[in-house]
Amino acid sequence: MRIAIIPARGGSKRIPRKNIKAFHGKPMIAYSIEAAISSKCFDKVIVSTDDAEIAEVACKYGAEVPFLRPTAISDDYASTMDVMEHAILWCKNQGYKIDAVCCLYATAPFVLPEDLQLGYQLLKEANVQFTFSATSFPFPIQRAIKLDSLGSVSMFSPENEHVRSQDLEEAYHDAGQFYWGKTDAFLSKLSIFSPHSKAVLLPRSRVQDIDTPEDWDLAEALFSAIKLMK
């Protein structure tokens, strides 16, 4: 049995009600739910929330909300792994025999069904504990700079100041969309960013963090641009 778990608490502060705020005509969470259902990867698509309104919206778009998340793992300090552990154990207590689980973020309007399919295929074939979405940095991280309290500049890696960009190793970062994992890997809270994981590489044109109002505006503009290109 394969299950998608979409964490969606109600207490977002920087973008109030972010998970159900309208994004191009639909609640934000709808995109993740619809991608999960369309992928046909899952026997169940479950939203883990502490919020009755989010639960209602999630059910409207086809997800299940069989429990409300406890307050203890619904504040700013609860980790994604805490939420996943709670949801997985709830499912196991119902007698579900789970082979693989996907943590799919509620704020992932750019995720595609085929991304989820590829993540599951890689999890099966590569003999790893996790697969997750990632993309490349647009600029060599080896040339990063920092500013001190007075605004003076220095390099994190001064030895790379005069190295050609094309000679520096490409670096990647978490795309913040989904994390496939084996059930025991989630329950053991293994580190995802480790050699026992593989990355599903996405184009930078489909990756945007949505943590601040500025991020939201950029995501809406990017979504519009993608629609125009189709």
- Give a yes or no answer on whether the side chain of His196 reaches the backbone of Phe130 with a donor-acceptor pair at less than 3.5 Å. no

- Student check: side-chain heavy atoms of Lys21 and Pro27 closer than 4.5 Å: no

- Tell me, do Thr183 and Asp99 make a side-chain contact under 4.5 Å, heavy atoms counted? no

- Of all heavy-atom pairs linking Pro7 and Val83, the shortest is CB-CG1, 4.0 Å

- Query: Does NZ or CZ of Lys18 fall inside the cone over Trp216's six-membered ring, less than 6.0 Å from its centre and within 45° of the axis?
  - Reply: no

- Message: Side-chain heavy atoms nearer than 4.5 Å, only ILVMFWY residues, links allowed to pass through others: does that put Met1 and Ile88 together?
- Response: yes

- Between Arg143 and Asn160, which heavy-atom pair has the shortest distance, and what is it? CD-O, 3.0 Å

- How many angstroms lie between atom CG of Asn19 and atom OG1 of Thr107, to the nearest 0.5 angstrom? 6.5 Å

- For the residue pair Glu64 and Cys59, establish whether any side-chain heavy-atom pair is separated by less than 4.5 Å. no

- Message: Could you check whether any side-chain N or O of Ser38 sits under 3.5 Å from a backbone N or O of Ala35, counting only pairs where one atom can act as donor and the other as acceptor?
- Response: no

- Query: In terms of hydrophobic clusters joined by side-chain contacts under 4.5 Å, are Ile3 and Phe186 together?
  - Reply: yes

- Any donor-acceptor N/O pair, Ser79 side chain to Asp82 backbone, under 3.5 Å: yes

- Task: For the pair Ser197 (side chain) and Ile192 (backbone), establish whether a donor and an acceptor sit closer than 3.5 Å, ignoring hydrogens and angles.
- Result: yes

- Note on the structure: In this structure, CG of Asp51 is separated from CD of Glu56 (nearest 0.5 Å) by 10.0 Å

- Item | Pair Val45-Phe42, side chain to side chain contact (heavy atoms under 4.5 Å, CB included): steps then yes or no | CA-CA 7 Å; Val45 177; Phe42 306 106; 4.2 Å; yes

- Side chain proximity check, Met155 to Ser157, heavy atoms < 4.5 angstrom: no

- Task: Verify, without hydrogens or angle tests, whether Thr135 (side chain) and Leu202 (backbone) share a donor-acceptor contact under 3.5 angstrom.
- Result: yes

- Query: If two hydrophobic side chains count as joined below 4.5 Å and joins carry through other members, does Ile54 share a cluster with Leu104?
  - Reply: yes

- Item | Nearest heavy-atom neighbours spanning Ala8 and Val47 | CB-CG1, 4.1 Å

- Expected output: side-chain Asp148 to main-chain Leu150 donor-acceptor under 3.5 Å: yes

- Hey, any chance Tyr96 and Leu187 share a hydrophobic cluster, counting ILVMFWY side chains that come within less than 4.5 Å of each other, even indirectly? yes

- Counting only heavy atoms not in Glu169, do more than 12 sit closer than 6.0 Å to its CD atom? no

- Phe132 and ring pair (Phe, Tyr, Trp, His ring centres under 6.0 Å): which partner among Tyr172, Phe178, Phe193? Phe193

- Message: Using the ring centroid of each side chain, check whether Tyr31 and Phe223 are separated by less than 6.0 Å.
- Response: yes

- Task: Provide the closest heavy-atom pair for Ser136 versus Glu170 in the form atom of the first, atom of the second, distance.
- Result: CB-OE2, 3.3 Å

- Task: Using the side chain to side chain contact (heavy atoms under 4.5 Å, CB included) rule, take Val207 and Arg204 through it: C-alpha gap first, then chi angles, then the decisive distance, then the call.
- Result: CA-CA 5 Å; Val207 176; Arg204 291 198 297 269; 5.6 Å; no

- Could you tell me whether a side-chain N or O of Trp180 sits under 3.5 Å from a main-chain N or O of Leu116, the two making a donor and an acceptor? yes

- Working for side chain to side chain contact (heavy atoms under 4.5 Å, CB included), residues Val101 and Met84: CA-CA 9 Å; Val101 183; Met84 292 300 293; 3.5 Å; yes

- Query: Would you call Lys189-Glu85 a salt bridge at under 4.0 Å N-O?
  - Reply: yes

- Are any non-hydrogen side-chain atoms of Arg206 and Ile226 less than 4.5 angstrom apart? yes

- Query: How far does NZ of Lys60 sit from CD1 of Ile20, to the nearest 0.5 angstrom?
  - Reply: 11.0 Å

- Note on the structure: d(Lys26 NZ, Tyr61 OH) to nearest 0.5 Å is 7.0 Å

- Is any side-chain heavy atom of Asp76 closer than 4.5 Å to a side-chain heavy atom of Lys13? yes

- Message: Using a strict threshold of under 4.0 Å (side-chain N to carboxylate O), is an ion pair present between Asp215 and Arg14?
- Response: no

- Is there a side-chain contact between Ile98 and Lys92, using heavy atoms and a 4.5 Å cut-off? yes

- Query: Hey, what do you get for CD1 (Ile5) to SG (Cys91), rounding to the nearest 0.5 Å?
  - Reply: 5.5 Å

- Between Asp75 and Arg9, does at least one N-O distance fall below 4.0 Å, as a salt bridge requires? no

- Task: Would you confirm whether Ser39, through its side chain, and Pro113, through its main-chain N or O, come within 3.5 Å as a donor-acceptor pair?
- Result: no

- Task: Please check if the side chain of Lys182 supplies one atom and the backbone of Val128 the other of a donor-acceptor pair under 3.5 Å.
- Result: yes

- Query: About how many Å separate CD1 of Ile141 and CG of Leu168, when rounded to the nearest 0.5 Å?
  - Reply: 9.5 Å

- Checking side chain to side chain contact (heavy atoms under 4.5 Å, CB included) for the pair Ile210/Met28: CA distance, chi angles, key distance, verdict? CA-CA 11 Å; Ile210 307 179; Met28 174 62 81; 3.7 Å; yes

- Do you know which two heavy atoms are closest between Ala55 and Leu68, and how far apart they sit? CB-CD2, 4.5 Å

- Message: Tell me whether Lys198 at atom NZ has more than 12 heavy atoms from other residues, nucleotides or ligands lying less than 6.0 Å away.
- Response: no

- Message: Please find the pair of heavy atoms, one from Arg2 and one from Cys41, that lie closest to each other, and give the distance.
- Response: NE-O, 2.5 Å

- Is any side-chain heavy atom of His24 closer than 4.5 Å to a side-chain heavy atom of Glu220? yes

- Can you hop from Ile46 to Leu89 via hydrophobic side chains spaced under 4.5 Å? yes

- Task: May I ask you to check whether Tyr179 and Tyr105 place their ring centers less than 6.0 Å from one another?
- Result: yes

- Answer yes or no: are there more than 12 heavy-atom neighbours, outside Gln166 itself, under 6.0 Å from its atom CD? yes

- Message: Using only atom types and a distance under 3.5 Å, with no angle test, would you say the side chain of Arg69 pairs donor to acceptor with the backbone of Ser74?
- Response: no

- Take Phe67 and His86 through the ring pair (Phe, Tyr, Trp, His ring centres under 6.0 Å) test and state the conclusion after the steps. CA-CA 10 Å; Phe67 56 82; His86 171 265; 5.1 Å; yes

